[in-house]
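To start, the structure itself, in structure tokens.
Values reported hereafter were calculated over all heavy atoms of this structure, with side chains retained and with hydrogens, waters and symmetry mates removed. Note that the structure is a prediction, hence the values are computed from the model and not measured.
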Amino acid sequence: PLFIKAVSERIKEAIAKQLPTEEARKSAIIIFSAHSVPHRIVDRGDRYPQEVSATVDLVMKKLQSEGVQNSYILAWQSQVGPLPWLGPQTGEVIKGIGRQNHKHVVVVPIAFTSDHIETLYEIDIEYAHQAKESGIESFARAESLNDSPLILDAFADIVSTHLRNGEL
């Protein structure tokens, strides 16, 4: 669908424009970062983690069909409070990648369709700082979908389909 294509395009742009060398572009680990939720929400039957995971799988299949063969992981961000939340946490994943001597990452805000505090501050500032402290040389972030023509077309298609089918 158009949403998968839109995310895939943003990732390819980040790899091409933000990573300095061909070696960096080929070896960068793609970190899909989604907003975490408490385990108690998931335990009640919320399908959010499965839906995010399925989206990541579809995006990677699309990228792989276009020759992007980077390793990837799904991580979760923005945990607050004392309850157990979905993990692994994005910051811990970044530190782990650094400990494994990987030097290049691309962070993809997979469950965020537009820029806001969790992309502009948490990813762009906090996680970029953690990456640098962890020995990661290249930190890139795929741009949020914001006003991408593809995402706007995807939204229009979803609304149109629901209206045609009488689904509100």
Side-chain angles (χ1 to χ4, degrees), residues 1-37 48-79 85-155:
L2 291 174
F3 177 77
I4 300 304
K5 184 175 181 181
V7 173
S8 300
E9 292 298 319
R10 294 292 201 206
I11 294 169
K12 290 189 299 185
E13 289 170 11
I15 290 171
K17 294 178 181 177
Q18 297 179 44
L19 297 176
T21 65
E22 186 63 24
E23 187 274 325
R25 291 186 280 278
K26 288 186 180 211
S27 67
I29 308 290
I30 300 172
I31 304 170
F32 290 90
S33 188
H35 198 293
S36 190
V37 293
Y48 172 69
Q50 291 90 342
E51 292 169 0
V52 172
S53 182
T55 300
V56 168
D57 288 343
L58 289 171
V59 168
M60 285 308 300
K61 284 179 183 165
K62 172 87 172 132
L63 288 171
Q64 290 164 350
S65 75
E66 297 172 353
V68 177
Q69 301 299 319
N70 300 64
S71 297
Y72 67 97
I73 185 169
L74 171 58
W76 305 89
Q77 70 179 75
S78 306
Q79 176 179 334
W85 287 55
L86 290 177
Q89 291 295 304
T90 304
E92 294 304 311
V93 167
I94 290 169
K95 290 175 189 174
I97 288 171
R99 280 193 299 273
Q100 294 173 10
N101 292 317
H102 293 286
K103 299 297 180 191
H104 316 284
V105 298
V106 177
V107 178
V108 180
I110 191 63
F112 306 103
T113 56
S114 62
D115 285 322
H116 57 295
I117 192 73
E118 288 152 322
T119 55
L120 299 171
Y121 184 78
E122 194 169 3
I123 294 175
D124 291 356
I125 295 173
E126 288 182 355
Y127 294 151
H129 179 73
Q130 285 179 348
K132 185 176 182 180
E133 285 189 337
S134 299
I136 294 170
E137 297 170 3
S138 301
F139 180 91
R141 176 176 65 89
E143 185 180 344
S144 298
L145 297 175
N146 295 319
D147 61 351
S148 158
L150 283 173
I151 195 62
L152 298 177
D153 289 345
F155 290 155

Before giving the answer on side-chain contact (heavy atoms from CB on, under 4.5 Å), spell out for V52 and L74 the whole-Å C-alpha distance, their side-chain angles and the decisive distance to 0.1 Å.
-> CA-CA 9 Å; V52 172; L74 171 58; 3.8 Å; yes
Can you tell me if NZ on K5 sees more than 12 non-hydrogen neighbours from other groups inside 6.0 Å?
->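 No, NZ of K5 has 12 or fewer neighbouring heavy atoms, counting only those of other groups under 6.0 Å.
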Do other residues, nucleotides or ligands put more than 12 heavy atoms under 6.0 Å from the NE2 atom of H116?
->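 Buried by this count: over 12 neighbours within 6.0 Å.
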Should [X] and [Y] count as side-chain neighbours, where that means a heavy-atom distance under 4.5 Å?
X    : Y   : answer
I110 : T55 : yes
V59  : F32 : yes
Y72  : Q64 : yes
K95  : E92 : yes

Contacts of type side-chain hydrogen bond (donor to acceptor under 3.5 Å, both in side chains), residue R141, not counting sequence neighbours =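 Testing R141 for side-chain hydrogen bond (donor to acceptor under 3.5 Å, both in side chains), a comparison that skips the adjacent residues, returns D115, D124, S144.
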Is the backbone of W76 close enough, under 3.5 Å, to the side chain of T90 for a donor and an acceptor to pair up by distance?
->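 Yes, because the side chain of T90 sits within donor-acceptor range (under 3.5 Å) of the backbone of W76.
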Is the backbone N or O of P49 less than 3.5 Å from a side-chain atom of S53, with the two atoms forming a donor-acceptor pair by type?
->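 Absent.
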Can you name the nearest heavy-atom pair linking [X] to [Y], along with the distance?
X    : Y    : answer
S138 : H104 : OG-ND1, 3.0 Å
M60  : I30  : SD-CD1, 4.3 Å
A24  : L19  : O-CD1, 3.7 Å
Y48  : H35  : OH-O, 2.8 Å
S148 : R10  : CB-NH2, 3.3 Å
S78  : Q89  : N-OE1, 4.3 Å

Can you tell me how far [atom2] of [Y] sits from [atom1] of [X], rounded to the nearest 0.5 angstrom?
X    : Y    : atom1 : atom2 : answer
K62  : K12  : NZ    : NZ    : 6.0 Å
K103 : T21  : NZ    : OG1   : 13.0 Å
I151 : T113 : CD1   : OG1   : 7.0 Å
E118 : Q77  : CD    : CD    : 6.0 Å
I97  : S134 : CD1   : OG    : 9.5 Å
E143 : S114 : CD    : OG    : 11.5 Å

Determine, stepwise, if the pair L145 / F3 fulfils side-chain contact (heavy atoms from CB on, under 4.5 Å).
-> CA-CA 9 Å; L145 297 175; F3 177 77; 3.4 Å; yes
Indicate whether the side chain of Q79 and that of S36 have a donor and an acceptor atom separated by less than 3.5 Å.
->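 Q79 vs S36: no donor-acceptor pair found between side chains.
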What do the steps show when you test Y127 against I31 for side-chain contact (heavy atoms from CB on, under 4.5 Å), and what is the final call?
-> CA-CA 11 Å; Y127 294 151; I31 304 170; over 6 Å; no
